[in-house]
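For ligands, and for the atoms within them, numbers begin at 1 and follow the listed sequence. Remember, predicted model here, so these are calculated numbers, not experimental data. Start at 1 with the first residue, then count along the sequence.
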Amino acid sequence: MRLDKFLGDCSLGTRKQLKEYIKNGMVTVDGAVANKPEMPVDPEKNEIIFAGENLTRDYKKYRYYILNKPQGVVSATRDNHDKTVLDLIDTGYDKDLAPVGRLDKDTEGLLIITNDGKLSHRLLSPKKHVEKEYEVHTKKHVSDEDLRKLENGLDIGDEELTLPAKAFIENQDGTEILHLIIHEGRFHQVKRMLEAIGNEVTFLKRIRMGQLVLDSALLPGEYRELTNDELNLLK
Ligand code: URA
């Protein structure tokens, strides 16, 4: 990539400012002062220093984060009204990061944030049938009959019934929590599935995507990089 593009990705200033910095000899590439904004660089191989700060020490082309999305934040890259999930991520190289799919504003839980478009596409492709597991609190009791209906497929107002899912009840300290495992990603799917059986979601949290489980050490709003093992589970 061009040197000025890399510096821009590091949020160091406007194109015009970056040009000035380069002209003033404030940027070195592998120890030599860079004098052309369009100079080609590879941040994974070259050492780029700006005003004494090494910009490439921790650089990775692809970055992968697991976020425990809190309620009240939208799954978008930018929004005019609401705080976005990207506002929660501060890594120094935030350009091109995007959430893998969406959770509703009032939904919590596992959200992957990455700039790896191919992985994102694969995880979201309906053909890949990646499982998504949700913990669902409901207004009313969920009966065995309800579980059977959720599992078999429901008319939620779309052309097609929902695909077969898995549903079971877990007792957490005396509270019944529905676990719903689906491998589609339709708009408001879990909420609409519960509506279709005459119930209502009062709290929704995603706890697993594929084989990647939400780290219980992450409080809502916290994130960390995925480990290599976790990344391999997704790939
Ligand atoms: N289903 C929903 O209804 N909302 C979500 O955020 C995710 C799945």
Quiz item: Any idea which atoms of ligand 1 are less than 4.0 Å away from a heavy-atom of Leu204?
Solution: 1 (N), 2 (C), 3 (O), 4 (N), 5 (C)
Quiz prompt | Per-atom contacts of ligand 1 with Gln189, taking only distances under 4.0 Å to non-hydrogen atoms | solution = 1 (N), 2 (C), 3 (O)
Quiz item: Are Tyr134 and ligand 1 in contact, using a heavy-atom cut-off of under 4.0 Å?
Solution: yes
Classify the side-chain pair [X]/[Y] by whether it contains a donor and acceptor separated by less than 3.5 Å.
| X | Y | answer |
| --- | --- | --- |
| His179 | Glu170 | yes |
| Glu47 | Asn54 | yes |
| Tyr64 | Asp116 | yes |

Self-check item: Lys191, any N or O under 3.5 Å of ligand 1 N or O
Solution: yes
Quiz item: Is there at least one pair of N or O atoms, one from Thr107 and one from ligand 1, spaced under 3.5 Å apart?
Solution: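 Yes.
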Quiz item: At what distance is the nearest protein heavy atom to atom 4 (N) of ligand 1, and which residue and atom is it?
Solution: Asp104 OD2, 2.7 Å
Quiz prompt | Residue and atom name of the nearest protein heavy atom (relative to atom 1 (N) of ligand 1), distance in Å to one decimal | solution =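 Heavy-atom neighbour on the protein nearest atom 1 (N) of ligand 1: Val190 N, 3.1 Å.
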Quiz item: Quick one: do Val201 and Leu178 end up in the same hydrophobic cluster if we chain Ile, Leu, Val, Met, Phe, Trp and Tyr together by side-chain heavy atoms under 4.5 Å apart?
Solution: yes
Quiz item: Around Glu38, counting heavy atoms of other residues, nucleotides and ligands shown, do more than 12 lie under 6.0 Å from its CD?
Solution: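 It does: Glu38 CD has more than 12 such atoms within range.
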Quiz item: With His188, which residues qualify under ring pair (Phe, Tyr, Trp, His ring centres under 6.0 Å), at least two apart?
Solution: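 For His188 there are no ring pair (Phe, Tyr, Trp, His ring centres under 6.0 Å) partners, ignoring immediate neighbours.
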